[in-house]
Number of protein chains: 2
Amino acid sequence: MNVEILGLIAGALTAIASMPQLIKVIKTKNVEDISWLMLAILISGLSLWVWYGFEQDELPIILSNSFAVIVNVTLLTCYFIFRDKKK
Amino acid sequence: MNVEILGLIAGALTAIASMPQLIKVIKTKNVEDISWLMLAILISGLSLWVWYGFEQDELPIILSNSFAVIVNVTLLTCYFIFRDKKK
């Protein structure tokens, strides 16, 4: 099996698995269960993975982690928007 | 910067970010918000990442995704244990 295709399938599956939380937060506007600190740590880690992907020149790593960065930055943005609205 | 160290730091950060959910589920025994289907998709994706890591011979990929598989298999196990206890 082509390793790049393997990585792209792996990335697609982990990307799909991250969507329900985002959809739920956008729908319910409930961010009580979200820790902004953990999101910040996660976004830092994912960004380093993107950097790692560029260093290694591996497209699946770059694509899947860039996507995850976008999802989690959106979650973090939702957190600050919806948290402030509750006050 | 050594690319392997970069990957290990990235993996450590994403691993740390995954712990609060596990700790919360074990402490509260509340698995209402967990979707077993999404966990199954996530575990499949992470397992393919481990496979990808072996194919590419990249230790950071293997280590971080193996750790994530363990965390999420534990979550899935908690889901079935605590869900059945509620019934």
Side-chain angles (χ1 to χ4, degrees), chain A residues 1-25 28 30-69 71-72 75-76, chain B residues 1-25 28 30-69 71-72 75-76:
Chain A
M1 192 186 200
N2 184 309
V3 178
E4 195 157 75
I5 293 173
L6 172 62
L8 290 173
I9 296 172
L13 289 176
T14 45
I16 290 168
S18 73
M19 294 314 292
Q21 195 192 0
L22 181 61
I23 293 168
K24 195 177 173 189
V25 165
T28 64
N30 184 358
V31 291
E32 251 176 50
D33 293 337
I34 290 180
S35 155
W36 70 267
L37 179 64
M38 281 308 131
L39 270 183
I41 292 172
L42 184 59
I43 291 165
S44 312
L46 293 167
S47 304
L48 291 188
W49 276 122
V50 175
W51 181 10
Y52 178 93
F54 277 107
E55 291 283 341
Q56 299 278 52
D57 201 19
E58 286 177 81
L59 194 64
I61 306 279
I62 298 169
L63 284 182
S64 63
N65 288 291
S66 299
F67 181 81
V69 167
V71 169
N72 286 289
L75 269 178
L76 193 60
Chain B
M1 191 186 202
N2 184 308
V3 178
E4 194 159 74
I5 293 174
L6 172 63
L8 291 173
I9 296 172
L13 289 175
T14 45
I16 289 168
S18 72
M19 295 314 293
Q21 196 192 2
L22 181 60
I23 293 168
K24 193 178 176 190
V25 164
T28 64
N30 183 359
V31 291
E32 251 177 49
D33 293 337
I34 290 180
S35 155
W36 69 267
L37 179 63
M38 281 307 131
L39 270 182
I41 292 173
L42 184 59
I43 291 164
S44 311
L46 293 167
S47 305
L48 290 187
W49 276 121
V50 175
W51 181 10
Y52 177 92
F54 276 108
E55 291 284 340
Q56 300 276 54
D57 201 18
E58 287 177 81
L59 193 63
I61 307 279
I62 298 169
L63 284 182
S64 64
N65 288 291
S66 300
F67 181 82
V69 167
V71 168
N72 286 289
L75 268 178
L76 193 61

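Lettering follows sequence order; numbering is per chain, from 1.
When the heavy atoms of residues 40-49 of chain A are compared with those of chain B, the residues falling under 4.5 Å are A/Ile41, A/Leu42, A/Ser44, A/Gly45, A/Leu46, A/Leu48, A/Trp49, listed by number.
Heavy atoms of A/Ile61 lying under 4.5 Å from chain B belong to its backbone as well as its side chain. When heavy atoms are compared at a cutoff of 4.5 Å, B/Leu37 does not approach chain A at all.
When all heavy atoms are compared, the tightest approach of B/Glu55 to A/Leu6 is CG-CD2, 4.0 Å.
Taking OG1 of A/Thr14 as the reference point, atom CG of B/Asn72 lies at 11.0 Å (rounded to 0.5 Å).
Not counting sequence neighbours, the partners of A/Gln56 by the side-chain hydrogen bond (donor to acceptor under 3.5 Å, both in side chains) test are A/Tyr52, B/Glu58. Checked against side-chain contact (heavy atoms from CB on, under 4.5 Å), A/Leu59 has the following partners two or more places apart in sequence or in another chain: A/Glu4, A/Leu63.
In terms of heavy-atom pairs under 4.5 angstrom with chain B, the leader among A/Gly7, A/Pro60, A/Ser64, A/Ala10 is A/Ala10. The residue among A/Ser35, A/Gly11, A/Gly53 with the most heavy atom pairs within less than 4.5 Å of chain B is A/Gly11.
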